[in-house]
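Below is one structure; the comments refer to it alone.
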Amino acid sequence: MNAAPARLKRRAEFLRVGGKGRKIPQPGLVLQALARADGAPARIGFTVTKKIGNAVVRNRTRRRLRAAARLVLAETPAVGVDLVLVGRAATRGRNFAALMQDLRDALARVQPAERP
RNA sequence: CCAGACGGCCGGACGGCCGCCGUCACGCCCCCGUCAUGGGCGGGGCGGAGGAAAGUCCGGGCUCCACGGGAAUGCGGUGCCGGCUAACGGCCGGCGGGGGCGACCCCAGGGACAGUGCCACAGAGAACAGACCGCCCGCGCAAGGUUUCGACCCCGCGGGCAAGGGUGAAACGGUGCGGCAAGAGCGCACCGCGUCGGCGGCAACGUCGGCGGCACGGUAAACCCCACCGGGAGCAAGACCGAAUAGGGGCGGCCGGCGGCAUCCCGCGAGGGGUGUGACGCGAGGGCAUUCCCGCCCUGCCGCCCGGGUUGGUCGCGUCAGGCGCGCCGCGAGGCGCGUCGCAGAGGAAUGGCCGUCCCGCGCCGCGAGGUGCGGACAGAACCCGGCUUACAGGCCGUCUGGCGCC
RNA sequence: UGGGGCGUAGCCAAGCGGCAAGGCAGCGGAUUUUGAUUCCGCCAUGCGGAGGUUCGAAUCCUCCCGCCCCAA
């Protein structure tokens, strides 16, 4: 069983990924990705703004994103990249299987060469 | 049965798979001379959001900073009385005022003879006020009207009055009777107000009686006066460990025991004496956990300023004004005693994701049993505690009030 | 966590106890062949919401809602 992925924590890290990386919108989320030189396992961060809702709504949104990321990355691990998952208003009501598929599609567009 | 008032409580239940945070011990592995300790992996047991965790409106604990004592002033807050409490602007009980048929509910509710300000418009007059219409008396009477030919009405002049009309949020007490030319607290009764006294009450206040003869309009959530309370900041408080800059720079002050060095004086001279000197030695001081010895390493000391570096970890950080039960005291808030329980501790921040069954509500289908779809409030701990305020689907319990029906 | 400020018409805003200024925009009219300009007129049952004080509240008080700013 794989360990929990490393988390992005610093504001500067989020700004770098959001500013320099690719931005892939999906119905249930927005994926921001920035490649790193090393081949270490992907680091991951979550952004859910106050615009989405109150604290309860933001918590639910982030937890669904985290659960989806855990399952998707377990089946197909990503390496050498920093990922930021941005919650949208639709994230909370999105069917969970569809949400996972959103993330898979977004990851496929980030690293097309490394996927068969 | 219907409508309502008050108080208290709950705020989905059970299960499956996969995860997260904390904690407890266990197994295996690594490090190691051994112990201690540390690290990694694994599965397991236990615990894991709220009544408001929210808003941050008050009060406290805790921590740091400041501070001789007292008074006054300023600023801010509070404001019927008594009690509860660690404290409060909270709560309980009472008083007064207002609302409701009632249960019951609401009220920042000290002082307006300490002073100052304001009271628009309307209205005759708005604060030691005032007379427009009006009422009454006297005198006059050209014109007009009536006439029983006296006069009267109208009108004019002089005077009295403030009852009625009208304005206003408010008009210098209200109602009734007497009184009067008409009127008026002018007199009387009741109500209100003021004041004095008795009684009840800790008090706010209530009540009774006498007197006054209506004199003292409102506004203090206007300034203000009075009484009482109040150091400042906040867990990013604060403490420690590590890492890094590094032998950083400037200014000022201070220490000289011995040697060295510099310099001055004395002496022909060996030498003696004085002064100074800190990227010189010894001494001295500090560090290597502690003591002694040896060894090694570091270093002038203090203060202020400038510049630079550091955002990793540990503690604070979960046992308290604690929850529950029982008994006693108290109308109550609450207090006392005994027993019992251990109840979240994250740190870009855990407490979850998905699924099933049941429960509740609504819609649709069906005569029905039932089937089916959608929905399940407000809301997420961030140092802790006591309150307040605000948000909230649905439901439960108890007491009480009004109405209808039946016995 | 602590502190400060602002919500007035579609927009910018004055007023801060008795009447809600003004400008832009909009609408109607006049002038003009038409347009621009200019001129005249109209446009807030109520000042973010709810209570309260007062005879009277945008204004004073209390509690909420929303937005902005500052310090750490």
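Below, read A as the first sequence line, B as the second, and so on, with proteins coming before strands; counting in each chain starts at 1. Keep in mind that this is a model prediction, so the values were computed, not measured.
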For this session: Could you list the residues that satisfy side chain to side chain contact (heavy atoms under 4.5 Å, CB included) with A:Ala89, not counting sequence neighbours?
Result: none
Problem set entry | With sequence neighbours excluded, residues passing side chain to side chain contact (heavy atoms under 4.5 Å, CB included) with A:Ala67 | A:Phe96
[atom1]-based separation of [M] from [N] [nearest Å]:
N	M	atom1	answer
C:C47	C:A9	P	10 Å
B:C226	B:A220	C1'	13 Å
B:G398	B:G363	P	30 Å
B:G125	C:C63	C1'	44 Å
C:U62	C:U53	P	15 Å
B:A170	B:G130	C1'	16 Å
B:C95	B:C388	P	24 Å
B:C6	B:G387	P	22 Å

Strictly by Watson-Crick or wobble contacts shorter than 3.5 Å, is anything paired with [N], and which nucleotide is it?
N	answer
B:C1	B:G403
C:A71	C:U1
B:A36	none
B:C261	B:G276
B:G168	none
B:G242	none
C:G26	C:C42

Problem set entry | Side chain to side chain, A:Leu31 and A:Leu83, heavy atoms closer than 4.5 Å | yes
Problem set entry | Nucleic acid contacts of residues 55-66 of chain A, taken as heavy-atom distances under 4.0 Å to RNA chain B | A:Ala55, A:Val56, A:Asn59, A:Arg60, A:Arg62, A:Arg63, A:Arg64, A:Arg66
For this session: Kindly state which residues belonging to residues 25-34 of chain A come within less than 4.0 angstrom of RNA chain B, counting heavy atoms of the residue only, listed by number.
Result: none
Using whole Å, report how far [atom1] of [X] lies from [atom2] of [N].
X	N	atom1	atom2	answer
A:Asn95	B:C355	CG	C1'	12 Å
A:Phe96	B:C354	CZ	P	6 Å
A:Met100	B:G19	CE	P	14 Å

Exercise. Which one, B:C18, B:A379, B:G348, comes nearest to the side chain of A:Asn54?
Worked result: B:A379
Measure the [atom1]-[atom2] distance between [X] and [Y] for me, rounded to the nearest 0.5 Å.
X	Y	atom1	atom2	result
A:Gln26	A:Leu107	CD	CG	9.5 Å
A:Leu71	A:Leu103	CG	CG	10.0 Å
A:Arg60	A:Arg63	CZ	CZ	6.5 Å

Exercise. Which residue pairs satisfy the salt bridge (Lys or Arg N to Asp or Glu O under 4.0 Å) criterion with at least one member in residues 78-87 of chain A, sequence neighbours excluded?
Worked result: A:Arg16-A:Asp82, A:Arg36-A:Asp82, A:Arg43-A:Asp82
Problem set entry | Pairs touching residues 87-99 of chain A that satisfy salt bridge (Lys or Arg N to Asp or Glu O under 4.0 Å), sequence neighbours left out | A:Arg94-A:Asp102
Exercise. Of all residues at least two apart in sequence or in a different chain, which pass the salt bridge (Lys or Arg N to Asp or Glu O under 4.0 Å) check with A:Arg66?
Worked result: none
For this session: Using the test side-chain hydrogen bond (donor to acceptor under 3.5 Å, both in side chains), find all partners of A:Asn54 that sit at least two apart in sequence or belong to another chain.
Result: none
